[in-house]
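The model shown is predicted, which means the values in this text are computed figures rather than measured ones. Labels below follow one simple rule: chain letters A, B, ... track the order of the sequence lines, proteins then strands, and each chain is numbered from 1. What's counted below: heavy atoms across the whole structure, side chains too, no hydrogens, waters or symmetry copies.
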Amino acid sequence: MAEPLLAIKDLKTYFISKDMEVRAVDGIDINVNERQIVCIVGESGCGKSMTSLSIMRLVPQPRGKIVGGEVKFAGRDLLKLTEKQMTDVRGNDISMIFQEPMTALNPVLTIGEQITEVLLRHRNLTKREAMAKAVEMLQFVGVPRAAEIVHEYPHQLSGGLRQRVMIAMAMVCEPKLLIADEPTTALDVTIQAQVLELMKKMRNDFNTAIILITHDLGVVADMADHVVVMYAGQVVESVNADDLFAAPLHPYTKALMESIPSLEEEKETLYSIPGTVPDAAAYPVGCRFADRCPIKQPSCYESMPLLREVKPGHLVRCDLV
Amino acid sequence: MGTYITRRLLGMIPMLFFITVAVFLMMHAAPGNAFNSIMNPAIKDPQALIASLEAQNFLNKPLWWQYFHWIGLFVTGNWGFSFAQHAPVIDLVGPAIQNTLILSVMAEIITLAIGIPLGVLQSRKPYSGFDYTTSVVSFILFSVPYFIFAILLIYLFAIHLRIFPAQGAVGTGPNAGSLLDHIYHALLPALSISLVSLAFYSRNTRGSMLEVSRKDYVRTAYAKGLMEGKVFSKHVLRNALIPLITFFGLDIGNLVGGAVILEGLFSYQGMGLLTISAVNNRDYNVIMATTIIFAVAVLLGNLLADILYAVVDPRIRYN
Ligand SMILES: Nc1ncnc2c1ncn2[C@@H]1O[C@H](COP(=O)(O)OP(=O)(O)OP(=O)(O)O)[C@@H](O)[C@H]1O
Ligand SMILES: [Mg+2]
């Protein structure tokens with residue numbers, strides 16, 4: 001099998017302060033192949049955003065630290081690059097888009113300035129050439145009046161348009177990997193579908209692999225080739241999308257699936273997983289899901305289950321399956 | 001924008017009217033007038049002379065009549081005569097404005113040129129040794145009133161080291177009155193005003209920079225591959241300066257207040273000194289002229305700040 005484009009091994013990102021250590025990402029393994037769309041799902045606080053910021057080496061300073069592991073991208077360990085080398089990767093080989101397109105764009109710079117900035121940083125272009133390329137990219141992502149919009153400011157655009165601008169900005173250097181951290185959460189449903197469609201188009205036309213972070217399993221079903229389920233800073237299940245929806249194995253994944261409202265059944269109340277996620281500053285020694293698990297055994301509290309390949313290509317962190 | 005500015009300028013007229021009425025009334029409510037102090041033994045009947053001077057200058061007319069008489073002349077450019085200095089008010093105000101302008105512009109330049117870069121440097125390495133020491137110094141500077149600095153600076157540079165003049169706005173000798181001579185004389189009073197406000201600016205710049213560095217769009221800028229220096233100069237600094245414009249607008253008022261106190265201390269012949277002596281001598285026409293000039297300066301300062309807002313922040317538009 002070919003080398004994956006991105007291979008994350010045992011990545012650990014902690015927030016370290018005098019009296020505590022928050023283990024936001026606690027030994028993650030994720031592989032992303034070329035052209036693959038990998039969805040990362042999991043409850044709020046499980047470490048999805050910190051995983052993606054760790055890949056970019058943009059963990060919030062000064063307390064956030066990548067304390068261990070490896071992030072191999074196209075053969076190089078990103079964690080070993082100098083900061084200068086890393087800036088050459090960002091925006092060029094790997095791009096990122098964020099949840100809030102309103103706050104992710106600079107309010108005092110025009111759309112054109114913000115897009116050309118990436119090109120001027122990574123490509124040997126004149127300002128005029130960069131501007132032409134920016135307009136072209138905006139047209140490509142379906143922004144109407146692109147030639148005028150480059151002279152406008154973010155506040156003059158709707159939320160959906162802003163997210164398109166973000167995508168144009170992220171894709172303008174045709175990166176090999178796009179990381180999208182809940183790109184549609186802030187948008188209303190019809191716009192959501194359009195933005196997701198656009199991301200698929202990006203994958204198809206630019207051969208860009210995508211890491212899509214979401215907690216919407218509907219989005220996962222629509223988009224994912226491969227799914228990584230995270231819980232409390234760890235991967236608990238990792239498998240291709242079809243197998244996941246056909247037969248989820250980890251009790252947490254099953255619980256997540258049950259919490260999706262289904263149209264046929266019209267359930268009165270939304271199922272939600274009882275109990276709470278353990279505190280990231282004080283994880284137990286055993287399985288982190290044990291307290292909330294419907295099939296737990298006393299042995300679950302004794303040692304941490306390993307991420308095992310229970311079927312070919314299907315990894316699960318549970319000793320009971 | 002043009003119509004907005006015109007509207008704001010027109011809006012100043014009623015404000016100036018109220019300000020001048022208030023000052024006019026207060027001025028006349030204070031006991032005495034410019035002629036009461038005539039005490040020349042050669043004059044046989046001072047009372048008769050005072051009465052005739054008062055009549056000549058309409059001081060025995062009703063107050064409302066005097067006000068409208070004054071304003072009628074004022075708007076036509078006739079600012080009257082200084083009773084105390086025996087010169088047309090225009091001739092006194094001209095050089096005084098020039099001196100105060102030099103002092104204020106210098107103070108503002110020192111403040112901005114040191115305060116903002118200092119705050120930026122502090123914010124680049126927050127909680128470092130440099131940040132702590134400069135912050136402590138800022139707090140000390142900020143909590144000391146500026147006449148204390150004035151006295152310290154006069155003592156150190158004028159009396160002890162003898163490298164700067166302690167008094168006056170211009171010197172004597174061949175270069176007297178040149179721009180350099182003006183700057184040389186304005187330096188100590190300008191520094192006295194600046195030390196307080198540059199401490200204020202550096203604190204606020206630092207806070208504003210730190211706040212903006214946490215914004216999502218700064219993370220976006222890093223995610224594009226921009227170098228740290230570029231992120232700070234292009235994305236953080238521009239946004240961080242926006243809230244400082246409010247202070248810049250208020251500075252003109254502060255400089256006016258500073259001028260009144262510091263020009264007195266440094267015997268610096270500016271608007272502040274002119275106002276103080278006019279008030280002491282009940283020199284009505286001078287008081288009214290300086291009042292209007294100060295009021296216009298403060299109002300223009302506010303207008304300038306509002307215009308600057310629209311220039312740097314595209315979200316603000318006046319229509
Ligand atoms: N600046 C910070 N300082 C300390 N802890 C932090 C900081 N940012 C995040 N964390 C912690 O790191 C953990 C993972 O956060 P992360 O933002 O990756 O969660 P997430 O999975 O993206 O959640 P969400 O779905 O809400 O976006 C959380 O427990 C959070 O409390
Ligand atoms: Mg998140």
Other residues, nucleotides and ligands only: do more than 12 of their heavy atoms fall within 6.0 Å of [atom1] on [X]?
{"X": "L180(B)", "atom1": "CG", "answer": "no"}
{"X": "M20(A)", "atom1": "CE", "answer": "no"}
{"X": "D188(A)", "atom1": "CG", "answer": "yes"}
{"X": "R145(A)", "atom1": "CZ", "answer": "yes"}
{"X": "F130(B)", "atom1": "CZ", "answer": "yes"}
{"X": "F248(B)", "atom1": "CZ", "answer": "no"}
{"X": "R76(A)", "atom1": "CZ", "answer": "no"}

Roughly how far, to the nearest 0.5 Å, is [atom2] of [Y] from [atom1] of [X]?
{"X": "M56(A)", "Y": "R219(B)", "atom1": "CE", "atom2": "CZ", "result": "10.0 Å"}
{"X": "M166(A)", "Y": "Y217(B)", "atom1": "CE", "atom2": "OH", "result": "13.5 Å"}
{"X": "D216(B)", "Y": "F98(A)", "atom1": "CG", "atom2": "CZ", "result": "7.5 Å"}

What part of [X] gets closer than 4.5 Å to chain B, counting heavy atoms only: side chain, backbone, both or neither?
{"X": "I179(A)", "answer": "neither"}
{"X": "M102(A)", "answer": "neither"}
{"X": "M169(A)", "answer": "side chain"}
{"X": "N106(A)", "answer": "both"}
{"X": "Q114(A)", "answer": "both"}

Report task. Look at the side chain of R90(A) and the backbone N and O of K224(B), then say whether any donor-acceptor pair between them is shorter than 3.5 Å. Result -> no
Requested in this report: Measure from the side-chain N and O atoms of T220(B) to the backbone N and O of L105(A), and report whether any donor-acceptor pair falls under 3.5 Å.
Outcome: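 Not confirmed, T220(B) side chain does not pair with L105(A) backbone.
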Query raised in the report: Any side-chain heavy atom of V108(A) within less than 4.5 Å of one from H235(B)?
Result: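 Heavy-atom side-chain distance check fails, nothing below 4.5 Å.
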**Report entry** L226(B) side chain reached by R121(A) side chain, heavy atoms, under 4.5 Å
**Finding:**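 The answer is yes, as the side chains (C-beta and beyond) meet within the 4.5 Å cut-off.
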Report summary line: Note: P107(A) and P314(B) closest approach over all heavy atoms is O-CG, 3.2 Å
Query raised in the report: What part of V312(B) gets closer than 4.5 Å to chain A, counting heavy atoms only: side chain, backbone, both or neither?
Result: backbone
Requested in this report: Indicate yes or no: does K230(B) engage E117(A) in a salt bridge with an N to O separation below 4.0 Å.
Outcome: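 Looking at E117(A) together with K230(B), the answer is no, because their closest N to O distance does not fall below 4.0 Å.
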